[in-house]
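Reading through the structure tokens given below for one structure.
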Amino acid sequence: AVLKHQRVKDLFSDMSKLDSYIDTVLVPMVRSLRDEPALGGWDVINEPEGSVAADVADPNPCYDTTPLARTGAGWAQPTEPIPMEQVLRFVGAQAAAIHAAAPA
């Protein structure tokens, strides 16, 4: 994902802003569309590997992106890549909100 606007980037680093987005935009949208038969799924971010900070060692294997070195990851944010921990928190928070608003 190419993240050009600071307000979008803030959704990764500031949980209060992400929570506000989830509560005021995402959950109402999910609730209004949850019974739509043509809806096949939700995509909370397109190509997150483009924005992630690649080749960053971390003792937590979930956040260690050294295996992504020289794979092209980080192509969209070469000067301000997003740490994997923030990407996973961003995706996880939205996925949890979607599941809560539209349980299977």
Side-chain angles (χ1 to χ4, degrees):
V2 177
L3 307 174
K4 295 181 180 180
H5 302 285
Q6 189 60 47
R7 285 189 281 172
V8 175
K9 294 176 186 178
D10 289 345
L11 295 175
F12 289 87
S13 60
D14 187 333
M15 279 305 293
S16 67
K17 291 181 181 179
L18 179 57
D19 288 341
S20 176
Y21 164 75
I22 288 170
D23 294 341
T24 60
V25 178
L26 183 62
V27 168
M29 180 176 62
V30 169
R31 286 183 179 147
S32 69
L33 295 172
R34 66 182 166 200
D35 295 322
E36 174 57 51
L39 182 64
W42 298 95
D43 187 9
V44 297
I45 183 172
N46 184 42
E47 298 180 346
E49 73 281 1
S51 297
V52 74
D55 200 19
V56 176
D58 193 290
N60 184 328
C62 294
Y63 308 143
D64 184 350
T65 60
T66 55
L68 297 177
R70 296 173 301 284
T71 65
W75 59 267
Q77 300 297 119
T79 59
E80 296 180 55
I82 300 170
M84 181 60 84
E85 182 175 5
Q86 291 180 5
V87 173
L88 293 177
R89 183 177 58 225
F90 174 85
V91 172
Q94 292 180 80
I98 291 168
H99 285 285

Quick one: which of L3, D10, V8 gives a side chain to side chain contact (heavy atoms under 4.5 Å, CB included) with Q6?
-> D10
Criterion side chain to side chain contact (heavy atoms under 4.5 Å, CB included) against I22, the qualifying member of L18, V25, T24 |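 Looking at L18, V25, T24, the match for I22 under the side chain to side chain contact (heavy atoms under 4.5 Å, CB included) is L18.
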When every non-hydrogen atom of A102 is compared with those of V30, the smallest separation belongs to CB-CG1, 3.7 Å
Can you name the closest pair of heavy atoms from K9 and Q77 and give their distance?
->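 Of all heavy-atom pairs spanning K9 and Q77, the closest is CE-NE2, 3.8 Å.
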Side-chain polar contacts of residues 33-49 - donor-acceptor pairs under 3.5 angstrom, sequence neighbours left out - could you list them?
{"from": "R34", "atom 1": "NH1", "to": "A101", "atom 2": "O", "distance (Å)": "2.6"}
{"from": "E36", "atom 1": "OE2", "to": "A38", "atom 2": "N", "distance (Å)": "3.3"}

Please round to the nearest 0.5 Å and tell me the distance separating atom [atom1] of [X] and atom [atom2] of [Y].
| X | Y | atom1 | atom2 | value |
| --- | --- | --- | --- | --- |
| I98 | L26 | CD1 | CG | 5.0 Å |
| Q86 | D14 | CD | CG | 10.0 Å |
| E85 | N60 | CD | CG | 7.5 Å |
| S51 | F90 | OG | CZ | 9.0 Å |

Go through the steps to decide whether V52 and W75 satisfy the test side chain to side chain contact (heavy atoms under 4.5 Å, CB included), and finish with yes or no.
-> CA-CA 9 Å; V52 74; W75 59 267; over 6 Å; no
State whether the side chain of T65 and the backbone N or O of A53 hold a donor-acceptor pair below 3.5 Å, judged by distance alone.
->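 Checked: pair present.
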Side chain to side chain contact (heavy atoms under 4.5 Å, CB included) between R89 and F12, worked out | CA-CA 8 Å; R89 183 177 58 225; F12 289 87; over 6 Å; no
Transitively linked via ILVMFWY side-chain contacts under 4.5 Å: V56 with V91?
-> no
Going hydrophobic residue to hydrophobic residue with side-chain gaps under 4.5 angstrom, can you get from Y63 over to L68?
-> yes
Applying side-chain hydrogen bond (donor to acceptor under 3.5 Å, both in side chains), name anything that partners D19, two or more places apart in sequence or on another chain.
-> none
Please say whether more than 12 non-hydrogen atoms of neighbouring residues, nucleotides or ligands are located less than 6.0 Å from NZ in K17.
->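 Counting other residues, nucleotides and ligands, NZ of K17 stays at 12 neighbours or fewer.
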